[in-house]
Every structure is written in C-alpha cells, then in structure tokens.
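Worksheet: one structure, shown below.
First listed ligand is number 1; within each ligand, the first listed atom is number 1. Counting begins at 1 with the first residue of the sequence. Computed from a prediction, not measured in an experiment: that's the story for all the values here.
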Amino acid sequence: MTASKILLLIIDGVGDRPCECLGGKTPLEAAKIPNLDELAATGICGIMDPVAPGIRAGSDTSHLSILGYPPQQYYTGRGPLEAAGCGIKMEPGMVGFRANYATLDDAGNVIDRRAGRIADTTEISAAVRDGVDLSKYGVTIEFEPGTGHRAALALRGKGLSADVSSNDPKTTGIPPKTIHPEGADTDSARFTAEVCNEFCRQAENILKNHPVNLARKAAGENPANTVLIRGSGVMGAYEPFEERHGLSGSVIAAAALIAGIGSSVGLKRVPVDPDTPLNDQVDLVLDEFKTQDFVLFNIKNADEYGHDGKAAEKKDFLEKLDKELRPFMEMPSLMIAVCGDHSTPCSIKEHSADPVPLIIRGDGTRVDRVTAYDEISCAAGALCRISGGDLMPILLDLIDKTHKYGA
Ligand SMILES: O=C(O)[C@H](O)COP(=O)(O)O
Ligand SMILES: [Mg+2]
C-alpha cells in the first residue's frame, strides 16, 4: 500500500549543539522521546540543510524552502509574511514589517528585545494602531499583535519602498538604531525611512506611560515601551501550493509568521494560539486530514527555549511533544515527515546552520538502521544529507505523486 497523505511536522528550532547542563548532549539526545525514536526506527532518516549548507536560515526562508518555494527566487522579506499571519491583508504597494515589543531603560538602551516575553499585547497594540498619526506623510498603518512579543506593521500610501533598514539593534545595551535607506538610496526609500522613524517615535511615546506598562513595572516585569521593526518587504507572488504540488493542504501553526507563510502559498489556515493545548492541536491536524492531502504542523516552543538558552526546558518540551504524537503514528495511509526548520542552539541563543534531523516514515519507505531521533543518529540514516528544497519532491515520490523524468 502507498500512503496518500503527508504530515509535515516541523519542530521549530529543534536542532542543537552539545549543552553543558545536559552532560554534553543535545536536548534531543538527552530527551526521552519514545515515539519519535519509534518513528526513526520504522522509517528512513537523514539530516537536512533547510536552505543550503552553511546558511543560517530564518524561519521564513527555511519554511519557504521546505515547502518548495526556493527563497532565492520567492523571498521578499519577512515583514509581509508576518503581517499576513497577523491578519493584515497585504495589498500591492503596502510595505510590511515584523515588529517586536521591546524594553528600553531610562537611558534609552534596549535591555530586552522581547519585553519579558510579554504574553498579550492586544491592548497596547490597539493603542499604537489608533494613536500613531502619519497623515502628514499621506500614510496610514495597519498594526496587529502576533503571538507573545511579536506584532506586525504595514504601511499604506503613495511612494513607499521596502528598501529600508531596521531599528532593531539585535542585541542589548545600546539604543534602537535609526532607520535609513538600505538596498537602494532612492527618494522613496528615504521617504519610507523617515515614515518608519516617525512611527517608532510616536509608538514609543504612546507606550511610555501606557497603563499596561505601568502595571508591568509595578509587578517587576519589563515594560513593552518600544517597538523594533525589521524585515521590510512587499508581498511576494506565490504559485498556489495545490497547483505546484497537486495536493490540497492546511497549515496549523501558533506562530503568525508560519501561518502567514502557509496562507500566502495557498494553504488553508486553521487558527491556533500558543495556549491551545498540544493534544487539541493534534486533533485539529487529524480533522484536517478528513479533507486535505497535506498538513504543515509547526510547533514553536523548542525554538523559543533555544533563543532563551534554556536547554533543560527545551529537552522537557520535546518530551511533552513526543507524548502527543501517537495518533499520527496510528493513522493509516499517512506519510509522516518530522524535521526542524533550522537549529537554534541554546549555547548561541540564535539560529545556526547546523543541519536538522529528519525522519520520513510511512507505508513503503525504506527502513534504515537508525533507531533514535537526534542530530547525530539521523546523520547515519539512509537519506544522508539533503536540502530543504529536496523534501517535497521526495515526499511526493513516496506517495506516488510524481511523474517519470524522461520517457
Ligand atoms: O521567535 C521569533 O519570532 C524569531 O524566530 C526570533 O525573533 P526574536 O529574536 O525577535 O524574538
Ligand atoms: Mg524557526
């Protein structure tokens, strides 16, 4: 029998490097993950460079690559994808940005790029959206909260350009940067940079004494008193997933960026948020398979623990996730691919180019000798080392959806 449906389970940031606090093991190596190990033992394993060897992929470029849209050809910036994921309709001419709520100290230095991983920014996002006035530039904004400290900004108006830099210093202890033209020093880039700087200035004023932030300070939490924006871009043009691969599909992802990528390539978006229990998310995936051929299921938490340098928590989360995977393993006709979109080693708190471990398991796949799901075990698997762009063709072949090359 051949499987007819594909589950692409992306454990965001799953790959890691040896962690001191785990006795030199990676979180995956240290974790007790019997279900993932069983998938490895009954499937074919390998390692994958999400984009290419040595490339530190972002979640945006890696997901595009894995879904079969080479980022070198399709990527127009993170902003429009994040905006789409936050529910903003990116029309032609609009420029989108990923935004972070962050914390400034009294001297104006960024002390926390994630404002204490603030959980709910609905109220302060409404205050920014309603309070910022860019009418003197003929520009209006859309500004929507994402999950946690994340939000998205989109500018609408004449003469805007995506050729602008970011104010995110990407580190702490220094002030936000001034946004300037980047890529092309045109009138529209200069104009857009000025608009962006004004947006950030006004947003900061609105946030400074906002009751939500006063309450956070009183509770000893980092206030969300500034907005950092990055990833400027206009929405790209994506051939619909179903036309490209011949599969109907859905995306289930609590991270707005991933939901935005999925919906931008034409996958049906099933809303979930970080508080949706994992077993409910699994049920939603199973429901989708009643009508869809393909589900992209992204689980974000491991990546956040990587960014925060919390190796023990990353390991614990992997164990928690593992417990929920049984229903997929028992579903007939399902081709399961498990991988990460990139590695987020706890030791560097950032993405690295280390390849991610990959399992493909379903009826008819070859079975290699790997019996554990981790970075090193999978490297000995029969899939060897592939690129993200190879994954969809391999999966389509395994469910008999490819055509012979040649006569
Ligand atoms: O979690 C995310 O959205 C990104 O992968 C990391 O972004 P941050 O460093 O701005 O939190
Ligand atoms: Mg990621």
Option among D168, N197, N167 that satisfies the side chain to side chain contact (heavy atoms under 4.5 Å, CB included) test with P176: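 The side chain to side chain contact (heavy atoms under 4.5 Å, CB included) with P176 is passed solely by N167 among D168, N197, N167.
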Side chain to side chain contact (heavy atoms under 4.5 Å, CB included) partner of L207, chosen from T226, V128, L104: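 Option passing the side chain to side chain contact (heavy atoms under 4.5 Å, CB included) with L207: V128.
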Under 3.5 Å: N/O of H149 near N/O of ligand 1: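 Yes, at least one N or O pair falls under 3.5 Å.
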With a heavy-atom distance limit of 4.0 Å, tell me whether [X] approaches ligand 1 through its side chain, its backbone, both, or neither.
{"X": "E304", "value": "neither"}
{"X": "D303", "value": "side chain"}
{"X": "R78", "value": "side chain"}

Atoms of ligand 1 close to R113 [distance to a heavy atom under 4.0 angstrom, numbered from 1]: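 This gives 8 (P), 9 (O), 10 (O) as the contact atoms.
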Numbered atoms of ligand 1 (with element) below 4.0 Å of H307, judged on heavy atoms: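 Near H307, meaning under 4.0 Å from one of its heavy atoms, ligand 1 has 5 (O), 6 (C).
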Chi angles and distances behind the side-chain hydrogen bond (donor to acceptor under 3.5 Å, both in side chains) call for R269, S263: CA-CA 6 Å; R269 177 178 182 176; S263 57; 5.3 Å; no
Main chain of [Y], side chain of [X]: is a donor-acceptor contact present, judged purely on distance under 3.5 Å?
{"X": "S65", "Y": "T61", "value": "no"}
{"X": "D397", "Y": "T402", "value": "no"}
{"X": "T26", "Y": "E29", "value": "yes"}
{"X": "E319", "Y": "A31", "value": "no"}
{"X": "S161", "Y": "S188", "value": "no"}

Nearest non-hydrogen protein atom, atom 2 (C) of ligand 1: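 Nearest neighbour among protein heavy atoms for atom 2 (C) of ligand 1, to 0.1 Å: R150 NE, 3.4 Å.
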Closest approach of any protein heavy atom to atom 9 (O) of ligand 1, naming residue and atom: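 Among all protein heavy atoms, the one nearest atom 9 (O) of ligand 1 is R114 NH2, 2.8 Å.
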For the Mg ion (ligand 2), every protein N/O/S atom that sits closer than 2.8 Å, waters excluded: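 Under 2.8 Å from the Mg ion (ligand 2) - ignoring waters, which are not counted - the protein N, O or S atoms are D12 OD1, S59 OG, D341 OD2, H342 NE2.
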V234/M90 under side chain to side chain contact (heavy atoms under 4.5 Å, CB included): CA gap, chis, key distance, verdict: CA-CA 8 Å; V234 297; M90 288 296 296; 5.8 Å; no
Contact check, K300 vs ligand 1, heavy-atom distance below 4.0 Å: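 Distance cut 4.0 Å: K300 passes for ligand 1.
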Proximity flag R230 to ligand 1, non-hydrogen atoms under 4.0 Å: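 Yes, R230 has a heavy atom closer than 4.0 Å to ligand 1.
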Residues H342 and D354: side-chain donor-acceptor under 3.5 angstrom: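 D354 and H342 do not have a side-chain donor-acceptor pair below 3.5 Å.
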Distance-only side-chain donor-acceptor flag, D293 / H245, under 3.5 Å: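 Result is no, nothing qualifies.
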